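Here the structure is laid out as structure tokens; the discussion comes afterwards.
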Amino acid sequence: MALQAAAFLPTAFSISKEGKKISATPKDSSLFGVSLGNFTSSSFKINQKRLSNGAVRAQAVATTPSLTTATVGGKKTLRKGCVVVTGASSGLGLAAAKALAETGKWHVIMACRDFLKTERGAKSAGMAKENYTIMHLDLASLDSVRQFVDNLRRSGRPLDVLVCNAAVYLPTAKEPTFTADGFELSVGTNHLGHFLLSRLLLEDLKQSDYPSKRLIIVGSITGNTNTLAGNVPPKANLGDLRGLAGGLNGLNSSAMIDGAEFDGAKAYKDSKVCNMLTMQEFHRRYHEDTGITFASLYPGCIALTGLFREHIPLFRLLFPPFQKYITKGFVSEDDAGKRLAQVVSDPSLTKSGVYWSWNKDSASFENQLSQEASDADKARKVWEVSEKLVGLA
Ligand code: LMG
Ligand code: NDP
Ligand code: PMR
């Protein structure tokens, strides 16, 4: 379905709030099908740059957000946005894929390790065939991550938004298990697999001409020790990263980031801290130059997803009512999916470096991360050690 340029208008404007550059390749003096003649010159600066391929790229920097007189350029239409969602076979990822597909403005690449499960999920969510593509990705294998990136490039689809959503949680495991590359499975999948994926796909995001390019990494309250939930033992703590630096292999190094004894629940929470630190490090390194929005979020407690499949049956029985009636932090998959979809495409959520949460009325707000999850020095170290582990440095 064609996308009307009007859909992008608020995006273009709110970008200006961040002083962010947006780019387009206008054939005439229009920006995404909107005649530039409608903008007052005081509010837009157009810098024309000649690119290496000879094309002219206009960088429009809006300086005021209140351009209400702009009109849509009649017949002009735009392509759909293309979003990759990892772990879209169930839970939050599937619900977000559904919410995005339903808008008709997005083509969702469902990046999953289980094709049939994903296909069934998409069907039962009522997703129309033309709105999604399933592509194989096993985050517990760096080869698979590289293969996925190749396949995506070969598909010829642009990449406008990447959502790092997949995760495993192994709270009852007594012993660590490992990825194909020998990393403890939860940090290996949730953090290192996504780290390589997002580093490689940054290039593709840079090349996209979409008005609001985003890289989203799903975080969680349980990794934040400035909250009650983050204080339920075992608490997240990356320590001095000695286990991560040793490769998390459980042989000549600990399977835990902090070098301590294996604890599956802690490994998950640690992985979420890495996710939130990585988002901020991306922001510091690349936001200004690329205009890409980097964001993380806590979508609420989606107590009925597959995330808890490894937990004891009693937990799975009590956890949903506990969250619904006691903490009141419960959110349905559908509602959580809409929240993630907002972070993907809502024109008002273009601010970069933010950890989004939602209040009781389901309104989004910029949340505060814990001290460790916002420690810039630790973020840099996690980045540098992770680079080595995934073969980027
Ligand atoms: C650890 O166990 C593991 O050791 C570790 O390996 C790892 O798996 C980790 O984070 C994962 O879990 C931790 C956990 C096990 O223990 C704790 O969290 C310690 C406290 C446990 C105490 C549980 C019971 C009391 C709950 C009180 C909550 C405070 C509010 C008061 C409420 C009073 C309620 C009567 O714990 C569990 O697995 C238990 C799971 C926790 C869910 C709590 C459920 C409790 C409440 C049940 C209420 C249900 C419904 C009410 C709805 C009404 C419906 C009309
Ligand atoms: P689900 O278990 O429903 O979804 C997790 C997804 O990750 C599944 O699609 C799963 O695929 C996929 N996955 C796991 N391992 C791999 C792998 N090696 N390669 C590719 N995909 C993989 O859980 P949720 O929807 O709850 O979790 C989604 C995100 O939300 C996670 O990042 C989680 O940390 C976060 N979150 C969840 C909360 C909650 O309350 N549920 C709260 C806060 C954050 P498969 O189907 O093949 O197993
Ligand atoms: Mg928690 C406001 C209170 C709150 C919220 C929002 C969550 C979210 N939890 C809260 C409170 C509590 N939890 C309390 C008081 C307890 C002690 C009974 C408690 C326990 C608890 C356990 C055992 N909670 C858990 C577990 C898990 O195994 C889950 C976990 O830690 O996964 C890593 C979990 C969660 N609580 C949450 C959320 C969102 C989770 C799981 C999902 C996640 O972080 O991704």
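It should be emphasised that the depicted structure is a prediction, and the values quoted were computed from it without experimental measurement. Index from 1, following the sequence. Numbering of ligands and ligand atoms starts at 1, following listing order.
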Where the closest heavy atom to [atom] is concerned, which of [options] has it?
atom                    : options                        : value
atom 23 (O) of ligand 2 : Leu340, Leu307, Ile221         : Leu307
atom 44 (O) of ligand 3 : Ile312, Thr222, Thr227, Leu170 : Thr222
atom 48 (O) of ligand 2 : Met110, Arg113, His136         : Arg113
atom 24 (N) of ligand 3 : Phe330, Phe319, Phe322         : Phe319
atom 5 (C) of ligand 3  : Gly329, Ala167, Ser186, Ala229 : Ala229
atom 1 (P) of ligand 2  : Ala229, Ser90, Pro320, Gly87   : Ser90
atom 38 (C) of ligand 2 : Val145, Thr305, Ile302         : Ile302

Aromatic ring pairing His311/Tyr169, orientation class (parallel under 30°, perpendicular over 60°, tilted between):
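Perpendicular, since the angle between the ring planes exceeds 60°.
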Classify the ring geometry between His191 and Phe195 as parallel (under 30°), tilted (30 to 60°) or perpendicular (over 60°).
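Aromatic pair His191/Phe195 classed tilted.
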Numbered atoms and elements of ligand 2 in range of [X], under 4.0 angstrom, heavy atoms:
X      : value
Gly91  : 3 (O), 25 (O)
Lys272 : 31 (C), 32 (O), 33 (C), 34 (O)
Val218 : 30 (O), 32 (O), 35 (C)
Lys117 : 45 (P), 46 (O), 48 (O)
Leu137 : 19 (N), 20 (C)

Which of the atoms of ligand 3 are close to [X], meaning less than 4.0 Å from one of its heavy atoms?
X      : answer
His311 : 28 (O)
Ser220 : 43 (C), 44 (O), 45 (O)
Tyr268 : 33 (C), 43 (C), 44 (O), 45 (O)
Phe315 : 22 (C), 23 (C), 26 (C), 27 (C), 28 (O)

Taking the non-hydrogen atoms of Lys272, is any one of them nearer than 4.0 angstrom to ligand 3?
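No, that is not the case, since the closest heavy atom of the residue is not under 4.0 Å from the ligand.
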Ligand 3 contact by Ile326, heavy-atom criterion under 4.0 angstrom
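The answer is no: ligand 3 sits nowhere under 4.0 Å from a heavy atom of Ile326.
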Distance-only N or O hit between ligand 3 and Thr327, under 3.5 Å
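No.
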Under 3.5 Å between some N or O of ligand 3 and some N or O of Tyr298?
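N/O-N/O distance under 3.5 Å: no.
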Salt bridge check, [Y] against [X]: does any charged N sit closer than 4.0 Å to a carboxylate O?
X      : Y      : value
Glu384 : Lys381 : no
Asp377 : Arg380 : yes
Arg242 : Asp258 : no
Lys98  : Asp334 : yes
Lys129 : Glu119 : yes

Please verify whether a non-hydrogen atom of [X] lies at under 4.0 Å from ligand 2.
X      : answer
Cys301 : yes
Arg309 : yes
Asn165 : yes
Ala336 : no

Just to confirm my output: which protein heavy-atom neighbour is closest to [atom], and how far is it?
atom                    : value
atom 13 (N) of ligand 2 : Ala166 CB, 3.7 Å
atom 19 (N) of ligand 2 : Leu139 N, 2.9 Å
atom 18 (N) of ligand 2 : Asp138 OD1, 2.9 Å
atom 42 (C) of ligand 2 : Gly300 O, 3.5 Å
atom 5 (C) of ligand 2  : Ala167 O, 3.7 Å
atom 9 (O) of ligand 2  : Ser89 OG, 2.7 Å
atom 34 (O) of ligand 2 : Tyr268 OH, 2.5 Å
atom 44 (C) of ligand 2 : Gly219 O, 3.3 Å

Are [X] and [Y] connected, step by step, through hydrophobic side chains (Ile, Leu, Val, Met, Phe, Trp, Tyr) whose heavy atoms are closer than 4.5 Å?
X      : Y      : value
Leu94  : Phe115 : yes
Tyr298 : Val343 : no
Phe365 : Val354 : no

Please classify the Leu307 to ligand 3 contact at 4.0 Å (heavy-atom distances, strictly less than): side chain, backbone, both or neither.
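Only the side chain of Leu307 comes within reach of ligand 3.
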Can you check whether Leu142's main-chain N or O pairs, donor with acceptor, with Asp181's side chain at less than 3.5 Å?
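Answer holds: yes.
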So, for Trp383 and Glu281, which heavy atoms are closest and what is the spacing to 0.1 Å?
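Scanning both residues, the minimum pair turns out to be CE3-CG, 3.4 Å.
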Any nitrogen or oxygen of Ser220, main chain or side chain, under 3.5 Å from a nitrogen or oxygen of ligand 2?
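No: no nitrogen or oxygen of Ser220 is under 3.5 Å from one in ligand 2.
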Do any N/O atoms on Leu92 end up under 3.5 angstrom from N/O atoms on ligand 2?
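It does: an N or O of Leu92 is found under 3.5 Å from an N or O of ligand 2.
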Sole candidate of Val149, Leu196, Leu215 that passes side chain to side chain contact (heavy atoms under 4.5 Å, CB included) when paired with Leu201:
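In the set Val149, Leu196, Leu215, the residue that makes a side chain to side chain contact (heavy atoms under 4.5 Å, CB included) with Leu201 is Val149.
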Give the C-alpha distance, both sets of side-chain angles, the deciding distance and a yes or no for salt bridge (Lys or Arg N to Asp or Glu O under 4.0 Å) between Arg79 and Asp160.
CA-CA 11 Å; Arg79 65 174 174 83; Asp160 306 315; 2.8 Å; yes
Counting the benzene-type ring for Trp, do Phe183 and Phe178 have ring centres under 6.0 Å apart?
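Here the rings of Phe178 and Phe183 have centres that are no less than 6.0 Å from each other.
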